[in-house]
Amino acid sequence: MKSTWGENVTVAIVGHVAVVTFSRPPNNHVSVEMMSDLADCMEAVDAGRQARAIVLQADGKNFCAGADFTTPGDSVAGGMDGISALYEQAVRLFSIETTIVAAVQGAAVGAGLGLAMVADFRVASPDAKFAANFVKLGFHPGFGLTHTLPRVIGAHRASLMFLSGRRVKADEGKPWGLVDEVVPLEDLREGALQLAAEIADNAPLALLATRRTMRGELAAAVRERTGHEHIQQTALRATDDFAEGVKSVAERRSGDFAWR
């Protein structure tokens with residue numbers, strides 16, 4: 001049986017696994033509303049204790065193409081208040097106690113990479129691409145990525161992704177720890193479900209206790225780091241570099257930046 005949370009999120013229980021699906025066509029850009037629905041849904045899964053693991057997946061060709069800075073009326077395009085509210089929802093997601101497996105297809109870019117890093121594990125299709133492309137936008141990394149990405153792949157590789165803005169394919173990201181399993185696109189959801197079911201087959205209290213130990217104070221660290229990221233982003237959003245970065249990315253060209 002499937003339940004709906006808001007306009008963009010559904011959840012279905014498969015055995016001891018909650019399959020949470022978000023859909024915000026065409027590219028699943030994050031919004032405050034969608035993130036709030038995701039957090040509400042996952043908090044309900046936590047509270048119900050029926051599921052021992054969560055699969056986080058998205059409809060469409062991309063997992064999540066990040067924040068939309070170009071569409072008028074979008075809660076993130078609207079300004080820094082929208083971004084601050086987005087990060088409040090991110091902290092809620094990092095506070096979820098149930099183990100999360102993300103199924104990643106297509107692009108997981110910017111805030112979409114941040115959303116993928118909420119998960120404990122990532123199962124990806126071969127054409128999945130991960131990018132922290134903030135510098136291409138003339139922006140500072142956000143969504144807590146300056147804490148969560150180095151935590152998973154190491155500071156050196158995280159710096160490479162942050163400072164180059166390059167897209168890392170699934171096969172390249174696997175030895176880094178960015179991706180745990182690479183499976184064909186047609187098997188992606190089943191592959192993520194199998195990993196989640198392998199986890200969910202274990203004793204629920206032991207799962208919760210072990211995950212709490214391994215995650216530590218992650219949610220608190222993300223709260224602190226998003227505060228710093230927001231300050232940096234606020235300063236950069238007022239610059240010509242940001243205006244040119246957003247325009248150039250939308251036009252699929254290199255940015256014409258000048259040293260100032």
So, are D40 and R92 salt-bridged, with charged N and O less than 4.0 Å apart? yes
Closest approach of [X] to [Y] (non-hydrogen atoms, all atoms of both residues):
X: G173; Y: V168; result: N-CG1, 3.7 Å
X: A192; Y: V55; result: O-CG2, 3.7 Å
X: F94; Y: G114; result: CZ-O, 4.2 Å
X: C64; Y: V30; result: SG-CG1, 3.4 Å
X: Y87; Y: Q233; result: OH-OE1, 2.8 Å
X: N202; Y: R52; result: O-NH1, 3.4 Å

Any link between [X] and [Y] through a network of hydrophobic side chains (Ile, Leu, Val, Met, Phe, Trp, Tyr) touching at under 4.5 Å?
X: V118; Y: L188; result: no
X: V11; Y: L56; result: yes
X: V152; Y: I96; result: yes
X: L38; Y: V222; result: yes
X: L218; Y: L149; result: yes

Backbone of [Y] reached by a side-chain donor or acceptor of [X] within 3.5 Å:
X: N28; Y: R24; answer: yes
X: R225; Y: T146; answer: yes
X: N8; Y: S23; answer: yes
X: R122; Y: L178; answer: yes
X: T239; Y: A235; answer: no
X: D201; Y: E198; answer: no
X: S248; Y: E244; answer: yes

Contacts of R252 meeting side chain to side chain donor-acceptor pair (under 3.5 Å) (sequence neighbours excluded), chain-then-number -> none
Q) Got T226 and E229 here, is their nearest side-chain heavy-atom distance under 4.5 Å? A) yes
Subject >> Contact check, side chains of T210 and L207, non-hydrogen atoms, under 4.5 Å >> reply: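 No - every pair of side-chain heavy atoms lies 4.5 Å or more apart.
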Extract all donor-acceptor atom pairs below 3.5 Å that involve side chains of residues 123-145 and protein atoms in other chains or at least two apart in sequence.
{"residue": "S125", "atom": "OG", "partner": "D127", "partner atom": "OD1", "Å": "2.5"}
{"residue": "K129", "atom": "NZ", "partner": "D127", "partner atom": "O", "Å": "3.4"}

Are there over 12 heavy-atom neighbours, none belonging to E186, within less than 6.0 Å of that residue's CD? yes
If you take the centroid of each ring, where Trp contributes its six-membered ring, are F63 and F22 closer together than 6.0 Å? yes
side-chain contact (heavy atoms from CB on, under 4.5 Å) filter on E251, not counting sequence neighbours, yields K247, R253
Residues pairing under side-chain hydrogen bond (donor to acceptor under 3.5 Å, both in side chains) where one sits in residues 147-162, two or more places apart or in two chains, turn out to be none
Residue pairs meeting side-chain hydrogen bond (donor to acceptor under 3.5 Å, both in side chains), one or both in residues 167-178, sequence neighbours left out, come to none
Which pairs would a plain distance check flag for residues 97-105, meaning a side-chain donor or acceptor within less than 3.5 Å of a matching protein atom at least two apart in sequence or in another chain?
{"residue": "E97", "atom": "OE1", "partner": "R49", "partner atom": "NH2", "Å": "3.0"}
{"residue": "E97", "atom": "OE1", "partner": "R212", "partner atom": "NH2", "Å": "3.0"}
{"residue": "E97", "atom": "OE2", "partner": "R212", "partner atom": "NE", "Å": "2.9"}
{"residue": "E97", "atom": "OE2", "partner": "R212", "partner atom": "NH2", "Å": "3.3"}
{"residue": "T98", "atom": "OG1", "partner": "D46", "partner atom": "OD1", "Å": "2.5"}
{"residue": "Q105", "atom": "NE2", "partner": "A58", "partner atom": "O", "Å": "3.0"}
{"residue": "Q105", "atom": "NE2", "partner": "G60", "partner atom": "O", "Å": "2.9"}
{"residue": "Q105", "atom": "NE2", "partner": "N62", "partner atom": "O", "Å": "3.3"}

query: About how many Å separate OG of S36 and CG of L86, when rounded to the nearest 0.5 Å?
result: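 Between L86 CG and S36 OG, I get 10.5 Å after rounding to 0.5 Å.
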